[in-house]
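Data block below; observations after.
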Amino acid sequence: MLELHSLSKHFGGVRAVDDLSLTVNQGEIFGLIGPNGSGKSTTVNLICGVFPTTSGAVVFEGQDITDAASHRVVAAGIGRTFQNIRLFGDLTVWQNLWVAQNSVEERETGWFARWLGGQRRGRDYAGELLKFAGLADRANELARNLAFGEQRRLEMARALAARPKLLLLDEPAAGMNAEEVGQLATRIRALREHGMTILLVEHVMELVMGVTDRIAVLNFGQKIAEGAPAEIQSDPAVRTAYLGTADA
Amino acid sequence: MLEVQGLVTNYGMIEALKGVDISAAEGRITCVLGPNGAGKTTLLMTIAGLLRPRRGSVTFEGRDITAASSAAVVHQGLALVPENRLVFPDMTVRENLVAGAYTRLARNRGEAMADLDRMLERFPVLNARVNANAGTLSGGEQQMLAVARALMTKPRCLLMDEPSLGLAPLIVAEVFNIIRELNEDGVTILLVEQNAHMALTVAHHFFLLDQGLVAFDGDPGAMAEDEVIQRAYLGSAGG
Amino acid sequence: MDFYYGMAQLIGVHTLLGLSAYVVLLTGQVSMAQAGFFAIGAYLAGMLTVLAGWHIVPAMLLAAVASAFVATVVGFPALRVKGLMLVVATLAFGEAVRIFWFNFDYQIAKGNIQVGPLGGEGFKQIRYFPENGWSTADVALFIWAWVIAAMVALWWLDRSRVGSVLRAVGEDELAAQSVGINLTAVKVSAMTIGGFIAGLGGAIYAHYTTHIEHLNFGVILATFAIAYPILGGLSSVIGVLIAVIFIQGFLVEVLRFMGDWRNLLFGALIVLAMNVRPDGLFDARAMRTLRRLFGARDA
Amino acid sequence: MSDFWWDVIDPIQSVLDGVMFGSIYALIGIGFTLIFGVMHKINLAYAAASIGGAYASLAAFQLLSAPALVVFLCAAVASGVIGYAVYICCFRFIPEHLPLATLMASVGMLILIDEVVVHATAGMPEPYPAMFDDVMIDLEPFWVRGDLLMIFVLSVIAMMILLYILYRTRLGIATRAVAQQPAAAQLCGIGQQNTNAVTFIITGALGGLAGAMVGASVGILSPLLALPLTVKGLIVTVIGGLGSIPGAIVAGLLVGGFENVFQYFRGVTERDIYVMLLLFVFLTFRPQGLFGRMSTRD
Amino acid sequence: MKRLLTIAAALGVAMSVGTAADAADRTVKIAGFGAMSGVVRSFGINTQAVMQAAAKAINEAGGVKLADGSMAPMEVTFDDDRCNAEEGISVVRRLASGDAVVGVGPTCSNVAEPLFGILQAKAGDEGDSGLQFPIFTDTAIKGGLAKISEWAFRNVPNESQMYKSLFEWLASQHPDAKSVYGGVEEDFAHSRFTWYKVMKTRSADVGYEVKGESKWLLNDTNFTTQVREMKRAGADIIAISAHPFTTCGVLKEMARQRVKYKVLVGLTSSSSLETLNGCAKQAEGIIIPTSFAPVNPEAVAAADAAAALGGSADLHSAAAWEIMMILKDVIEAAGIQATADSVQADRMAIRDGLANLKTTKGLLGEIQRTDEGEAVKPYVYVHADDGSWAVLHDPNA
């Protein structure tokens with residue numbers, strides 16, 4: 001579904017992502033892990049068109065979306081969350097979702113009807129999402145007044161509001177407690193049941209090991225391993241990446 | 001020497017520390033391990049006075065520095081080597097070091113300058129590029145510079161935030177050698193690391209931070225190295 | 001009474017100016033070009049009523065459409081820059097518009113006098129209102145019909161999805177893009193709406209003062225345009241109106257009795273207001289209080 | 001000399017004069033750029049404070065009939081004080097995440113300073129002392145205005161002093177450190193607020209000198225000067241590249257020269273349109289300005 | 001809600017216009033207005049002082065005789081319009097809503113134009129809803145403004161006539177001077193009008209060769225290029241049509257570049273203290289036609305009375321003195337009632353009285369009045385002589 005072909009991104013002399021190729025299949029939960037600074041977030045940002053790529057290509061459902069503007073990537077069917085939550089704090093929970101439904105309706109109704117569309121349009125779907133995120137009773141709260149866990153959930157709901165086919169989750173569990181991580185895992189699995197494909201960038205291994213089908217490991221911008229969770233856990237290269245070399 | 005009790009801090013909209021108790025004993029290397037997002041950086045920033053905690057206290061050498069400004073903290077003899085180095089990119093290596101000695105320049109410029117020369121002796125890498133802009137240095141050199149800059153404040157306790165981040169293995173080893181040497185010179189060190197193996201080789205005591213709480217507190221021997229890594233990074237066994 | 005109608009006219013004109021900056025400011029763009037759009041509206045509408053003899057309403061609409069068009073054209077390059085650069089770029093654009101009118105001559109004979117814009121000497125005798133027997137009250141009502149239309153439209157816009165989208169862009173462009181918002185479309189649309197409203201305001205202004213000249217449309221006016229929404233707080237169109245009343249009503253008229261001191265207080269009170277209420281005079285909290293007053297549920 | 005030769009010489013002479021006068025724009029541009037570099041905010045009251053300082057120094061001129069150079073220094077000192085007042089009134093207490101409030105407060109300050117000047121002088125133009133204002137250095141066929149040369153030289157000296165302060169003193173280290181990495185600067189024990197205040201004082205002093213130079217070059221002061229200087233200063237800042245001092249210097253001279261060329265060829269009424277066009281050209285083709293870098297810092 | 005209402009009420013009270021005075025103490029209210037802030041503040045200060053001095057003089061002499069034969073004092077108020085069109089309109093609307101019978105002002109031509117525009121164009125025209133309030137202008141001098149409305153009158157000098165006679169006189173005094181070169185402040189309406197429509201055409205009428213003009217803007221600071229053009233033109237007469245600030249800047253630059261000329265002519269408004277304050281040395285010798293100079297006892301007395309109240313009488317503010325005297329005469333001739341109910345009738349009477357004047361008294365002699373509400377004032381030529389203005393020639397003498 002999503003293919004990265006020899007993707008590279010250099011910042012000055014730093015090779016944040018270096019010749020990275022990988023394929024995420026339809027309906028899969030794919031994990032992307034690696035030590036801090038290994039290029040995971042940069043990869044997400046390249047897919048979403050936040051920075052221009054240095055070289056390589058991003059192909060989604062057979063369509064080349066390399067360096068497409070962010071909103072085109074969303075329109076193509078990719079949604080994302082951010083590592084350091086980026087909600088619209090001065091908008092209410094409900095408005096956050098409403099804004100995100102914009103692009104879906106553009107596809108369905110054209111821009112004029114979408115812009116002038118009243119509040120009712122899309123309310124049902126938004127309501128469902130809020131229920132899914134456990135925020136149904138918080139709809140009229142300003143996003144910035146939410147608790148941290150709620151904000152994470154809202155951000156995910158916001159990404160879903162645009163009805164993506166592929167969801168990129170950038171460290172969704174960071175800062176969560178064990179119970180919340182458990183709920184998150186349930187939620188991610190539920191999404192897959194609905195046919196969503198997920199690319200999960202994560203540090204919390206309980207989550208990654210627990211929900212993913214396949215994992216790729218990055219270090220210094222390069223892919224050093226790929227495989228099922230169990231394989232990764234026992235892969236010596238992965239251990240070295242996290243450990244550092246014992247005797248340098 | 002450094003006592004942190006019940007620290008609660010928000011980082012942006014995130015409650016990053018949810019009541020952390022740690023301590024660093026004088027003359028030792030204390031290491032805080034934990035996955036990303038565990039709150040390690042927030043912890044150090046709170047101690048250094050860059051963030052205000054919502055609750056809890058920080059005591060250094062018996063004095064309460066919980067609400068002190070970072071300038072006051074530096075004055076007390078506590079220095080932080082920040083994550084990602086944060087060198088002053090458009091200043092030369094020498095100027096970066098002078099900036100480190102900022103609080104001492106007014107009182108005793110001569111001594112500060114003498115220290116600067118000693119620092120350059122100690123870090124030959126920096127000496128070689130003393131007039132180059134810090135932004136042009138390699139990652140390892142920048143890390144050395146960040147350490148040297150922090151040392152220019154003449155700290156009795158040094159806080160280090162992931163000094164191995166993004167460095168090649170050979171350089172990481174070099175950084176850790178310096179950490180060991182500094183400690184041998186009598187500097188107390190509180191180290192936040194991701195490179196668990198390297199950290200455990202130098203640390204006298206370690207804490208495991210997970211999701212804003214201390215998950216483990218003990219000597220390196222208390223848990224097998226593999227177990228530590230497993231817990232810290234790859235999830236609890238079998239998870 | 002005439003005086004109050006006159007004040008109402010003045011406040012109405014400035015409210016339109018403030019509203020035009022308000023829309024643009026919602027998307028996070030500080031535009032100093034509003035005075036330029038205002039000038040375009042003023043000159044064009046004046047020329048249409050005076051030189052072409054049009055009725056005021058079509059003249060205003062055409063002038064507003066023209067300034068909206070110019071705003072659209074300005075909106076695209078303005079996308080490339082942000083923050084201070086945008087302030088300076090739009091400031092420069094506004095000044096360029098002013099200098100254009102400074103160099104613009106087009107006069108025809110009307111009765112025994114020459115009318116039309118005459119460069120540095122300005123454009124006089126835009127006397128549509130008095131010539132057609134409109135009383136001060138008529139004019140005030142006419143102006144307020146437009147102001148209320150604009151306020152209601154923006155109020156509605158604010159509460160519709162568009163408002164959320166504009167604010168989302170203003171708050172976090174990257175996040176907005178990543179939920180599928182087309183930044184270009186949104187920012188340029190905001191500029192266009194702002195240009196239209198500024199054009200309307202300018203058109204009324206020309207007929208209100210009967211004489212315009214390029215010096216009226218300088219940096220000071222551009223600053224006032226953004227001052228209204230900033231001082232008023234960006235939470236609602238009401239804030240703009242309150243800020244206009246604060247500046248044009250309170251600082252200018254009410255303090256007139258202070259004579260010499262008035263002008264010193266003018267700047268000082270603005271400084272004070274921003275220190276005491278950095279979120280604006282009418283911030284989100286005030287907004288909620290107001291809603292409660294009218295018995296509305298927090299929605 | 002034939003008319004043809006005058007047609008060649010005059011524009012060159014115009015550029016020469018413009019470039020020398022441009023040193024004043026450079027001083028103002030440096031002020032904007034330095035404050036922006038350190039605080040990432042615009043101080044719109046800056047040019048007004050500069051003119052205000054020049055006015056304040058008139059006291060030294062009129063009451064003590066101090067020599068011109070002393071008057072210039074008084075202007076710098078007075079403007080430094082005003083700069084500090086601007087910092088306290090418009091920057092110190094307004095929360096950092098509300099840049100619009102700061103912007104507006106500095107506009108209020110601009111109006112206030114201008115109006116104080118008007119009150120003190122009834123808006124009358126006041127004669128301002130100059131040095132060498134009757135000297136003409138004749139370099140046939142060109143000539144150099146003595147006072148403009150003096151202004152140029154003084155501006156250059158002021159810039160050199162500024163660069164010395166920035167690059168050779170403890171204060172300069174602090175200023176640059178805060179501008180480049182505010183968090184790391186704090187970790188070095190550098191107080192951010194003190195540094196900000198000091199930056200306002202230094203830039204204020206520089207602006208005061210610029211105000212004095214304007215007064216000296218025209219021979220009179222008027223509160224009218226504040227607004228056009230603000231606009232030109234901002235343009236210079238952007239063309240030079242935000243936060244770049246060398247950029248502001250070069251851009252100041254460039255704008256000064258450019259302005260005079262177009263004044264010569266296209267007349268004064270169109271002159272400023274071309275200055276704006278120059279700005280647009282930069283924004284389109286080199287948005288980072290002459291010496292600025294595309295910032296990657298977040 | 002209560003608080004809102006209180007605020008609204010407070011605003012209303014503070015903005016309220018003065019209500020008509022008690023019938024018992026009848027006064028004739030004359031409302032002055034002009035610039036009390038900004039760069040032209042000194043004009044407003046002078047006008048205010050002169051008006052008050054004139055009112056004082058009139059009141060000390062018993063006041064104004066009303067229709068019923070009783071004497072009423074004149075009361076002068078003064079408002080600041082910041083030299084801003086919108087504020088000027090607000091001020092005049094406020095005055096018109098109050099009990100002032102006539103307005104005296106404004107300072108700036110760019111305020112006068114819109115003000116005259118909102119007045120009724122033809123008095124008594126039912127179809128024209130413009131304000132019906134007489135305005136008698138002392139300062140705003142740009143040519144041809146009073147014809148905008150029949151309610152607008154001016155007592156400002158007729159520049160066209162003054163410069164024509166000045167150039168004629170110069171031709172007789174300096175037969176060797178053949179050419180004229182101008183300097184004009186392009187973005188200021190008055191300066192621009194005076195150069196292009198007055199100085200340039202009038203000097204050509206007299207037979208001078210006009211060699212062109214240098215242009216600068218109101219707040220320019222660098223005049224080297226313009227003065228070089230001026231020097232290159234090498235005209236015998238240099239005429240500068242600009243306000244004191246740039247006039248001084250240009251004069252200083254001319255001194256530096258050693259521009260040679262036989263005669264230097266300045267703009268009427270520049271014959272004020274400002275010019276001498278700014279550049280007495282460089283302005284030495286500049287010739288300006290003006291409608292006021294303390295050349296006779298009456299003028300000296302007026303100037304002294306103004307000085308006693310902190311203002312200075314110059315060609316603009318002295319016009320305000322004359323206006324007060326003219327108003328006194330007009331009011332007495334028209335016989336107004338000065339009661340709360342008669343305000344509008346009084347205004348109409350004053351307007352008609354002003355409109356019917358053919359001549360009035362002035363400080364320098366008789367003033368002719370045109371059908372358009374403009375004055376043709378006697379004038380003298382002054383020149384800057386040793387740091388003060390001295391009368392060079394009195395064409396009427």
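Letters go in sequence order (proteins before strands), and every chain restarts at 1. Worth knowing before you read on, the calculation uses all heavy atoms, side chains too, and leaves out hydrogens, waters and symmetry mates.
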Flag side-chain contact, heavy atom, 4.5 Å: [X] against [Y]:
X        : Y        : result
B/Ser70  : D/Gln192 : no
B/Leu50  : D/Gln186 : yes
D/Arg170 : B/Val98  : no

Heavy-atom count check: over 12 atoms from other residues, nucleotides or ligands less than 6.0 Å from [X] [atom1]?
X        : atom1 : answer
B/His205 : NE2   : yes
B/Glu26  : CD    : no
D/Arg168 : CZ    : no
D/Phe280 : CZ    : yes

Distance-minimising heavy-atom pair for [X] and [Y]:
X        : Y        : result
B/Val87  : D/Gln181 : O-CG, 3.4 Å
B/Thr103 : D/Gly189 : CG2-O, 3.6 Å
D/Ala174 : B/Tyr102 : CB-CE1, 3.5 Å

Practice problem: With rounding to the nearest 0.5 Å, note down the distance linking CD1 in D/Ile173 to CG in B/Leu105. | Solution: 7.5 Å
Quiz prompt | Rounded distance [0.5 Å steps], CG in D/Leu166 versus CE in B/Met91 | solution = 10.0 Å
Quiz item: B/Ala106, B/Gly135, B/Pro82, B/Ala101: which one forms the most heavy-atom pairs within less than 4.5 Å of chain D?
Solution: B/Ala106
Exercise. Find out whether the Lys NZ or Arg CZ of D/Arg176 is both under 6.0 angstrom from the six-membered ring centre of B/Phe88 and within 45° of the ring's axis.
Key: no
Quiz item: Taking the side chain from D/Gln180 and the backbone from B/Asp90, do they hold a donor-acceptor pair closer than 3.5 Å?
Solution: yes
Quiz item: Does B/Arg149 use its side chain to pair, donor to acceptor, with the backbone of D/Cys188 at less than 3.5 Å?
Solution: no
Practice problem: Check each atom of B/Ala99 against the heavy atoms of chain D and say whether the ones under 4.5 Å are side chain, backbone, both or neither. | Solution: both
